[in-house]
2 protein chains.
Amino acid sequence: MKDVATLAGVALKTVSRVVNDEPGVSDATAVRVRTAIERLGYRRNESARVLRSGRTASIGLVIEDVADPFYSSLNRAVEDVATKHGSLVLSGSSAEDPVRERELVLTFCSRRVDGLIVVPAGFDHDYLLPELQAGIVTVFVDRPAEPGLDVDTVLCDNTGGARLAVGHLLAHGHRRIAFLGDSPSIFTARERLHGYRRALTAAGLAPDEHLISMGPPDRARVAFELDRMRALPDPPTALLTGNGRLTVATLRAFAGATSPRLALVGFDDFELSDLIVPGVTVIAQEPARLGRTAAELLFRRLFGHDGPPEHLRLPTHLITRGSGEIPPH
Amino acid sequence: MKDVATLAGVALKTVSRVVNDEPGVSDATAVRVRTAIERLGYRRNESARVLRSGRTASIGLVIEDVADPFYSSLNRAVEDVATKHGSLVLSGSSAEDPVRERELVLTFCSRRVDGLIVVPAGFDHDYLLPELQAGIVTVFVDRPAEPGLDVDTVLCDNTGGARLAVGHLLAHGHRRIAFLGDSPSIFTARERLHGYRRALTAAGLAPDEHLISMGPPDRARVAFELDRMRALPDPPTALLTGNGRLTVATLRAFAGATSPRLALVGFDDFELSDLIVPGVTVIAQEPARLGRTAAELLFRRLFGHDGPPEHLRLPTHLITRGSGEIPPH
DNA sequence: TTGAAAGCGGTACCAA
DNA sequence: TTGGTACCGCTTTCAA
C-alpha cells in the first residue's frame with residue numbers, strides 16, 4: 001500500500017480510503033490511486049486489516065463430517081448466506097469427538113472468526129465462555145447447548161418427527177413397531193426415541209424394550225439387532241430408523257435377508273430414497289434450511305441485533321413412498 | 001500477550017518463546033508464563049502472527065459444490081491431510097462459474113492462504129499468475145490447467161474409465177452403445193466421450209452420433225434424450241452415463257418408463273448404487289484419494305519440495321452390480 | 001537465558 | 001479533501 005501511495009503521489013491514508021470505498025476522495029485522486037493499484041497488482045493484506053479492525057469477515061462452522069450429505073448441504077447453505085454478506089466459511093469435521101470439536105472451535109477463535117456455527121459433539125462448552133464474553137457470536141445447530149450457555153439454537157422437531165412416523169405406522173395397522181436409534185449419547189437420538197415412546201403411549205400401547213435398540217449405525221450391529229427382534233416370540237411388523245445412516249444400514253440388511261420386509265419409516269430423507277423398491281418412506285428434515293436459518297441468526301447479531309437467545313425448532317415432514325405403507329403380516 | 005508478560009513478570013519475547021515452544025527458556029520461567037496464560041485465558045492472535053510471519057497455516061479449496069457427494073468426500077480428505085499438518089481449510093463452491101471461481105481464489109489469496117487446491121471451472125487462469133509468482137502453491141484437481149500454467153495436477157483416468165465401461169458392455173454382447181455425457185465445456189465430459197469413441201473404434205465399430213448426447217444432467221433433458229434414442233430405427237441396447245448426476249437422472253427416467261431397460265454403466269460410484277435393483281454397475285473414481293493426493297502434493301511443496309510440476313492420473317475401477325450385465329435385447 | 005526495539009501492513013483518529 | 005501518526009499484537013533481530 002505504501003508503494004501504491006508513492007506511485008500515485010498521495011498519502012497512505014488516501015490509498016486506504018480508495019481501497020475501502022470511503023468518502024472524501026476526489027475522483028481525480030481516486031483514479032490515480034486505482035491506476036497505481038492496477039499497475040502494481042496490489043491486493044490488500046487481510047491479516048493486517050484484521051489485526052487493526054478486528055473484523056475478519058469469516059465465520060467458523062463445526063459439523064460432524066463435511067462429507068456427510070446431511071451436513072454438507074447444511075454447509076452449503078451456510079456458505080451461501082455467508083457469501084451474501086461478504087464472509088468466508090472455515091469449516092471443520094468434529095467426527096463426533098468433543099475433543100476435536102473443542103480444538104476446532106478454539107482454532108477458529110484464535111483466527112478471530114466473527115462468529116461460530118456449531119453442531120455440538122460434547123456436553124461441556126465451558127471452554128466457549130471466554131470467547132462468548134469476547135464477543136464471538138455463536139449459534140448451535142441440530143443439537144442444543146447445555147443450560148447456562150446462552151446461545152441461539154436451531155433444532156429440528158425430532159420428537160414431533162418421531163411421533164409423525166409412529167402415527168403413520170399405527171394408522172397402517174401396525175402395533176409391534178420397533179425403534180432403531182443412534183447412540184443415546186446423541187441428543188437427536190434421544191429426542192427421537194422419546195417421540196417414539198410418547199406416540200406409542202398416546203395410542204395406548206406400552207413401549208416394549210425388546211423392540212428398542214440404540215447404538216452406532218454400523219451394518220453389523222443393525223443386522224444383528226434386526227435378527228434378534230425377528231426371533232422374538234412376538235416380532236415387530238414395522239420399524240422406525242433414527243437417522244439416514246441407520247436407514248441405509250437397515251436397507252442393506254433387508255437386501256441380504258430372505259424374511260419378509262418390515263414396514264419401514266426412516267428419519268432423514270436421502271438421495272435415491274425414491275429409486276429403491278419399495279420407495280423409502282421418510283421423515284424429512286431440511287438440512288439446508290437448518291444451515292440457512294442458523295447463518296441468518298448469526299449475521300443478524302453481527303449486524304447489531306441484540307436480543308435474548310433464540311431457540312428455533314424447524315418442522316419435519318412425512319414423505320410416503322411405499323416402505324412405510326406395507327401392512328402388518 | 002503484554003498482559004501475560006506483565007503478570008508473569010517477564011518480557012514480551014519470553015512469553016512468545018513459551019507460546020511457540022521455542023528453546024531457551026528455563027523451566028521455572030516457562031511455568032510462570034504458562035500459569036499467567038491460564039489465569040488470563042490468553043490465546044494468541046493469529047492475525048498478528050500471520051502479519052509478521054507470513055504463514056497462515058491455512059489452505060484454500062475451491063470445488064464445484066461442497067454439498068455434492070463427490071466433492072464433499074474430496075473436501076474431507078483434504079481436511080484430514082491439512083489437519084495432520086496443523087493447517088485449516090477454507091472451502092468454497094464455484095458452482096461451475098469461472099467468475100465465482102476467480103472471486104474465491106482471489107479472496108483466499110488476499111487472506112494469504114499458504115496454498116490452493118482448485119477444481120478449475122474456467123479456462124483462463126491468468127489471474128493466478130501473480131499469486132503463483134508470489135509463492136502461493138497451487139494444485140489443480142480433477143481438471144487440468146491450461147498449457148503454460150505450471151501447477152501440479154491430479155486427474156482421474158477418464159479416458160481409460162470410459163474405455164473400461166465400453167469394453168465391459170461389448171463383452172456382454174452389446175453393439176449399440178449410447179453415451180450420455182455432461183456439457184462438453186467440462187473437461188472430464190470430453191475425456192470420457194473421447195474414451196468412449198476410442199473403445200468403439202478399437203472394436204471395429206463406428207461411433208454413431210445419434211447415440212451420443214452431451215449436456216447438463218437435468219432430468220428432463222435425460223428423459224428426452226433417452227426417448228429420442230429409443231425411437232431410432234436402430235435403438236441402443238446399452239448406455240454409458242458420464243457422471244453420477246447423469247446416472248441418477250437416467251435411473252429416474254428408467255423408473256418412470258415402461259420400456260425394457262437398457263444395460264447401464266455409470267461413471268462415478270454413488271451411495272446406494274448396490275441397493276437399487278438391478279444394482280448399478282459403475283466406473284468408480286476415488287474422490288477421497290484425489291483430495292488426499294492433491295493435499296499431499298501441496299504440503300510437500302510447502303515443506304520445501306521444489307521440482308517440476310507433477311501431473312498424476314489416478315486409476316478408475318469397474319464395479320459390476322447387475323445393470324451393466326443385462327444382455328442386448 | 002532473557003530482553004529491548006523495530007516493524008509486518010494496514011486502520012483509526014485527529015489535524016491541516 | 002488530504003495527510004500524519006499512533007498503534008493493532010505478534011515475530012524477528014540483535015544485544016545483554
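The model shown is predicted, which means the values in this text are computed figures rather than measured ones. By convention in this document, chain letters (A, B, ...) are assigned in the order of the sequence lines, proteins followed by strands, and residues within each chain are numbered from 1.
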Output yes when at least one side-chain N/O atom of [X] is less than 4.0 Å from OP1 or OP2 of [N], else no.
X: A:Ser53; N: D:dC8; value: no
X: A:Thr14; N: D:dG3; value: yes
X: A:Ser47; N: C:dC8; value: no

Would you indicate which nucleotide in [options] comes nearest to any side-chain atom of [X]?
X: A:Arg52; options: C:dA4, C:dG9, C:dG10; value: C:dG10
X: B:Asn45; options: C:dG10, D:dG3, D:dG9; value: D:dG9
X: B:Lys13; options: C:dG9, C:dC13, C:dA4; value: C:dA4
X: B:Arg17; options: C:dT2, C:dG10, C:dC14; value: C:dT2
X: A:Leu51; options: D:dC8, C:dG10, C:dG3; value: D:dC8

Rounded to the nearest Å, what distance is computed from the [atom1] atom of residue [X] to the [atom2] atom of nucleotide [N]?
X: A:Arg112; N: C:dG10; atom1: CZ; atom2: C1'; value: 17 Å
X: A:Arg43; N: C:dG10; atom1: CZ; atom2: P; value: 12 Å
X: A:Lys2; N: D:dG4; atom1: NZ; atom2: P; value: 14 Å
X: A:Asp3; N: C:dG9; atom1: CG; atom2: C1'; value: 11 Å
X: B:Arg49; N: C:dC8; atom1: CZ; atom2: P; value: 18 Å
X: B:Met1; N: C:dT2; atom1: CE; atom2: C1'; value: 15 Å
X: B:Leu12; N: D:dG9; atom1: CG; atom2: P; value: 11 Å

Under 4.0 angstrom, heavy atoms only, what part of the nucleic acid is A:Val10 near: base, sugar-phosphate, or nothing? sugar-phosphate

Would you mind classifying the nucleic acid contact of A:Arg44 as base, sugar-phosphate or nothing, using non-hydrogen atoms under 4.0 angstrom? sugar-phosphate

Would you mind checking if [Y] and [X] are paired as a salt bridge, meaning a charged N to carboxylate O distance below 4.0 Å?
X: A:Arg143; Y: A:Glu64; result: yes
X: B:Glu286; Y: B:Arg292; result: no
X: A:Asp152; Y: A:Arg301; result: yes
X: B:Asp80; Y: B:Arg76; result: yes
X: A:Glu191; Y: A:Arg313; result: yes
X: A:Glu131; Y: A:Arg112; result: no

Does the side chain of A:Arg44 come under 3.5 Å of the side chain of A:Asn20 through a donor N or O and an acceptor N or O? yes

Contact list for DNA chain C against residues 18-27 of chain B - heavy-atom distance below 4.0 Å: B:Gly24, B:Val25, B:Ser26

Centroid separation B:His305 to B:Phe299 less than 6.0 Å: no

OG-CG distance between B:Ser58 and A:Leu88, expressed to the nearest 0.5 angstrom: 10.0 Å

What's the separation between atom OG1 in A:Thr293 and atom CD in A:Glu310, rounded to the nearest 0.5 Å? 11.0 Å

Just report the end-to-end axis angle for the helix from C:dT1-D:dA16 to C:dA16-D:dT1, five pairs per end, to 10 degrees. 30°

If you assign B:Ser16 and A:Ala11 each to the DNA chain D nucleotide with the nearest heavy atom, which residue ends up on the more 5' nucleotide? A:Ala11

